[in-house]
Every structure is written in C-alpha cells, then in structure tokens.
Amino acid sequence: MRWDWLPFYFPMLVHGLYLTLVLLVVSVVLGFILAVPIGLVQATGPAPLRYLARGFCTFVRGTPLLIQLWLLYYGIGSLFPTIGLAFPGFKENFMWLIRLDAYYYAIVAFTLSYAGYEGEVMRGAFLGVPRGELEAARAFGMSPWKVVSRVWFPRAVRQVLPTLTGETIDQLKSTPIAFTIPVMELMGVTSRIRQDTFLTYEPLLFLALVYLILTFILTRAFGYVEAQIPTRR
Amino acid sequence: MFFAAANIGLLAFGNTGYGDELFWGAVRTVQIAVFAYAFGIILGLCGAMGKLSGGKTLRVVLDLYTTLFRAVPELVLILLLYYAGTDSLNKLVTSLGFERIELNGLVAAVFVLGFVQGAYQTEVLRAAIQAVPVGQTEAGKAYGMSPFLRFRRITLPAMLPYAIPGLGNLWLGIVKNSSLIAVVGFTELALATRQAAGVSKQYLLFFLVAAAVYLTITMLSNQLFGWLERRVRRGQPKLA
C-alpha cells in the first residue's frame with residue numbers, strides 16, 4: 001500500500017468533495033421542491049397533468065440514472081451546437097447554453113431523478129392523508145390552495161420524512177456516476193489519481209472510506225431531524 | 001430535423017445499422033442481471049441464515065458485510081471488486097505456475113454485481129424470515145420435521161409475501177445498476193449504445209432507444225412481480 005500521493009492530491013480531493021456535496025444538496029432540495037407538485041398532481045390533478053406526472057415518474061424509475069445523464073449531456077447537450085449552426089442568432093444569445101459545463105447537466109439530471117423517485121413517494125403520502133381531515137378543512141371554508149398549504153401538504157410531508165433519509169442516501173451513493181460525463185467530483189478526482197499514479201486500489205479504498213463517513217453523518221443528521229418532530233402514537 | 005428518416009435506418013440490423021449491436025447489448029444486460037440476481041439470492045439466503053442462527057463471529061462478519069456494502073456507492077464497489085477480483089485470481093493462477101488468464105467479462109460482471117446484491121438480499125430475506133411467527137416453525141419442529149423440510153414447507157412459503165416486494169425492488173435495482181458495468185468496459189446495453197452513438201453522432205436517438213429498452217424490461221418485470229406477489233399472497237387476508 002502506498003499513500004504518499006495523498007498530501008499532493010488532497011486539495012483536489014477537497015474540491016471534489018465540495019462538488020459532490022453541492023451536487024447532492026442542490027439536487028435533493030430542488031428535486032424535493034419539484035416532487036411536491038408531481039405528487040400532488042398525481043393524487044388530484046386534471047387527467048393530462050396526471051398522466052404527464054405519472055409518465056415522468058415511470059421513466060425516471062424505470063431507466064438507469066447513467067442513461068438519463070448521458071441522454072441529457074450527450075443527447076440534449078449536443079442539440080444546442082447544432083441549433084447554433086442553423087440559427088446564428090441563437091448562437092449569439094445562447095452561447096452560455098452551448099458552452100454549459102458538464103456539472104450543470106449533472107445537477108439537472110440528478111434533480112430530475114430525485115424528483116421522479118420522491119414524486120412517487122409524495123403521491124402515496126398525499127393519498128394517505130385521511131379524507132376526513134381534508135373534508136374538515138373544506139368545511140371551514142378554506143380555499144383549495146389553503147387546504148393544500150395548511151393541511152394536506154404538512155400532513156403528507158410528515159409521513160414522507162423517514163423515506164427521505166433512504167432516498168437521500170441513495171442519491172449520495174449515485175453521485176459518483178457524474179464522473180462519466182467529465183465532472184471532477186470525488187470519483188472524478190479519484191480516477192484522475194489512479195491514472196496519474198498507476199495505483200489500482202488505494203485511491204478507491206480512500207474513496208470508499210470517504211463515502212462511508214458521509215453516509216454515517218447523513219444517517220445521524222436525518223435521525224436527529226426526525227427525533228425533533230413530535231409524533232403521537 | 002433530428003430524427004430524419006435516414007437516422008432511423010441506423011437502428012437496422014446487419015452492417016448498415018446498430019440494431020443488432022443494441023439487441024445483443026440488451027441480451028447481455030438481461031444475462032448479467034439474471035445471473036447476478038441469482039448469485040445475490042444465494043448469498044442473501046446464506047447471509048440471512050447466518051445472521052439469524054449463526055455464531056457470534058459469523059454475525060459480526062455478516063453485519064460488517066451488509067453495512068459496508070450498503071453504505072458505499074455501487075460504482076466504487078464495482079471498480080474495487082472488479083480489479084481486486086481479477087488481480088487476485090491472476091496472482092493465484094500465476095503462483096500455481098499457469099499463464100495469466102483474461103477473465104471473461106460476463107463472469108466478472110456477474111460476480112461483482114452479485115456480491116454487492118448479496119448484501120441487500122441478506123437484509124431483505126432476514127427481515128422476511130423474521131416476520132414469520134416463531135410458533136409456526138416450532139409446530140414443524142414438534143412434528144419432527146428436519147430443518148430442511150421446515151424451511152421448504154413452512155419458512156419459505158410463509159416469508160415470501162414479506163420478501164417479494166423487496167425482492168422486486170432489488171431486481172429493478174440490479175437491471176439499472178448493470179449499466180454501471182459499462183464503466184469497466186464490458187459491452188452491455190449502456191456501453192453498446194454509447195459506442196453506436198459516438199460513431200454515428202446521433203446521441204439523442206440512441207440514448208432514447210436505450211432508455212426505451214430499459215423501460216420495457218423494468219415494466220415487464222413490474223408485471224411479473226405483481227403477478228408473483230398476488231400468487232404468494234393467495235389465501236392471505238386482503239391488504240387495506
């Protein structure tokens with residue numbers, strides 16, 4: 001075992017950790033915000049929206065994240081330069097879109113993936129809220145919007161919280177996939193170290209240890225948050 | 001404009017299109033998933049048995065296995081196991097005085113994914129076995145059934161209703177995770193698609209096709225597991 005590479009690559013690894021964590025936090029927060037309407041629409045929305053949301057969840061949950069990421073980065077991403085060639089105006093105004101860094105594609109793909117998985121969970125949670133409570137809210141003259149914001153959503157979120165832990169840890173464990181479109185997060189840095197130093201195991205073992213610690217911290221943090229929420233059984 | 005009729009020709013079979021490459025890639029994906037799943041179930045059953053009735057040392061080892069393997073990303077484990085597995089096999093082979101061997105990619109993929117899968121299977125099966133009331137197996141013991149007969153006649157049929165939903169999720173998981181094998185360079189559906197897309201520059205078309213193939217596999221699997229669950233639940237009270 002050789003570990004002399006560690007000090008030299010340490011700043012790079014720290015930056016990789018930063019990218020991994022930003023990817024995780026941003027995709028989980030945005031994904032959850034997206035998941036709420038996706039779940040609500042499936043529980044109560046008009047038919048076209050309901051089918052759209054259901055189709056989205058089926059697609060996300062039925063295909064590998066790797067394929068979704070490649071579809072977005074190589075598939076959709078390669079369209080922008082093509083459009084730019086055809087319409088010079090597009091190229092002038094949307095150069096940022098053509099030159100968009102792979103990291104942003106990763107954020108979008110991971111956000112949509114989280115929204116798909118969590119949207120399905122939210123659908124179940126919305127449907128699981130006792131009908132009587134919603135009827136009581138309506139009987140008090142609450143507008144449909146107020147029923148959602150005061151009763152339906154808070155009740156559903158509380159049911160979902162325990163599953164959020166598992167989904168978020170799964171999301172953390174998916175982040176190394178981002179290195180396949182060149183993103184220099186933890187896995188990207190690790191594979192760079194492996195190429196530079198010709199070491200097979202040590203960088204991967206180090207990476208495994210980092211993820212072990214991250215999973216542990218995340219589990220503890222979610223456990224703490226869950227314990228703060230009063231429940232009556 | 002992106003799906004001109006000529007592009008659809010790229011999906012043809014034979015020398016003019018990539019249809020056959022994608023088809024064989026899909027076959028490989030299903031092969032990997034099926035074999036790795038079977039390997040995982042065997043490991044999981046052994047693991048669950050060990051956790052429930054093994055000695056202290058065995059339980060500690062199994063706890064370590066399930067905890068570590070479920071806390072580290074699959075991709076990292078796949079890379080570690082792939083290189084460690086092929087390396088140690090070759091060390092063994094050369095120390096015995098044979099030539100280095102090139103490990104069959106399919107075998108390596110099945111071994112690696114199955115080993116990761118086993119950790120998850122252990123937990124699902126352990127929970128399902130524990131959900132069977134102890135009195136039922138004790139009744140079997142009282143009638144003088146051997147441990148194997150008890151497992152086959154009582155534990156297995158009684159635990160399946162609890163196990164099937166978890167097993168179904170794990171199956172979907174392994175179909176999707178089999179795409180990670182592309183990273184070590186084994187040509188299954190994901191890598192075949194990427195190669196075809198790279199040569200033809202029709203990325204959107206090919207990745208949409210690959211997504212459709214995965215979606216077909218997972219949706220058919222959902223039907224199958226739904227049927228299985230209804231079957232093992234027959235005779236049980238309806239769920240609310």
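This one's a predicted model, so the numbers in the text were calculated from it and none came from an experiment. Note on naming: letters A, B, ... go to the chains in the order of the sequence lines (proteins, then strands), and numbering restarts at 1 for each one.
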Between [X] and chain B, with a heavy-atom cut-off of 4.5 Å, which part of the residue counts as in contact: side chain, backbone, both or neither?
X        : result
A:Phe179 : side chain
A:Thr190 : neither
A:Thr180 : both
A:Ile177 : both

Drop me the distance from [X]'s [atom1] to [Y]'s [atom2], to the nearest 0.5 angstrom.
X        : Y        : atom1 : atom2 : result
B:Leu77  : A:Tyr211 : CG    : OH    : 11.5 Å
B:Leu208 : A:Leu71  : CG    : CG    : 5.0 Å
B:Glu74  : A:Asp170 : CD    : CG    : 7.5 Å
A:Tyr73  : B:Tyr203 : OH    : OH    : 9.5 Å

*Given the options B:Asp87, B:Val175, B:Asn222, which has more heavy-atom pairs under 4.5 Å with chain A than any of the others?*
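Heavy-atom pairs under 4.5 Å are most numerous for B:Asp87.
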
*Specify which of B:Ala210, B:Ala190, B:Ala197 makes the most heavy-atom pairs with chain A at under 4.5 Å.*
B:Ala190

*With chain A as the partner chain, list the residues of residues 63-72 of chain B whose heavy atoms fall under 4.5 Å from it, by residue number, and write 'none' if nothing qualifies.*
B:Leu68, B:Arg70, B:Ala71, B:Val72

*For chain A, which residues of residues 18-37 of chain B have heavy atoms nearer than 4.5 angstrom*: none

Listed pairs under 3.5 Å, donor-acceptor, residues 74-81 of chain A side chains, sequence neighbours left out:
unit_1: A:Tyr74; atom_1: OH; unit_2: B:Arg194; atom_2: NH2; d: 2.7
unit_1: A:Ser78; atom_1: OG; unit_2: A:Tyr74; atom_2: O; d: 2.8
unit_1: A:Ser78; atom_1: OG; unit_2: A:Gly75; atom_2: O; d: 2.9

*Does the side-chain contact (heavy atoms from CB on, under 4.5 Å) test come out yes or no for A:Met187 and B:Val76, once each step is laid out?*
CA-CA 8 Å; A:Met187 181 76 213; B:Val76 178; 4.1 Å; yes

Taking distance alone, no hydrogens or angles, what donor-acceptor pairs closer than 3.5 Å link side-chain atoms of residues 124-133 of chain A to residues at least two apart or in another chain?
unit_1: A:Glu133; atom_1: OE1; unit_2: A:Arg155; atom_2: NE; d: 2.8
unit_1: A:Glu133; atom_1: OE2; unit_2: A:Arg155; atom_2: NE; d: 3.3
unit_1: A:Glu133; atom_1: OE2; unit_2: A:Arg155; atom_2: NH2; d: 2.9

Ignoring hydrogens, what is the shortest heavy-atom contact between [X] and [Y]? Give both atom names and the distance.
X        : Y        : result
A:Leu66  : B:Ser179 : CD2-O, 3.3 Å
A:Ile67  : B:Phe207 : CG2-O, 4.0 Å
B:Lys176 : A:Thr63  : CD-O, 3.6 Å
A:Ala208 : B:Leu80  : CB-CD1, 4.4 Å
A:Lys173 : B:Pro73  : O-CB, 3.2 Å

*asked:* Counting only heavy atoms from other residues, nucleotides and ligands, does the tally under 6.0 Å from OH of A:Tyr104 exceed 12?
replied: no

*Does B:Tyr83 offer a backbone N or O that forms a donor-acceptor pair with the side chain of A:Tyr201 under 3.5 Å?*
yes

*asked:* Is B:Leu79 in contact with chain A via its backbone, its side chain, both, or neither, using a 4.5 Å heavy-atom distance?
replied: both

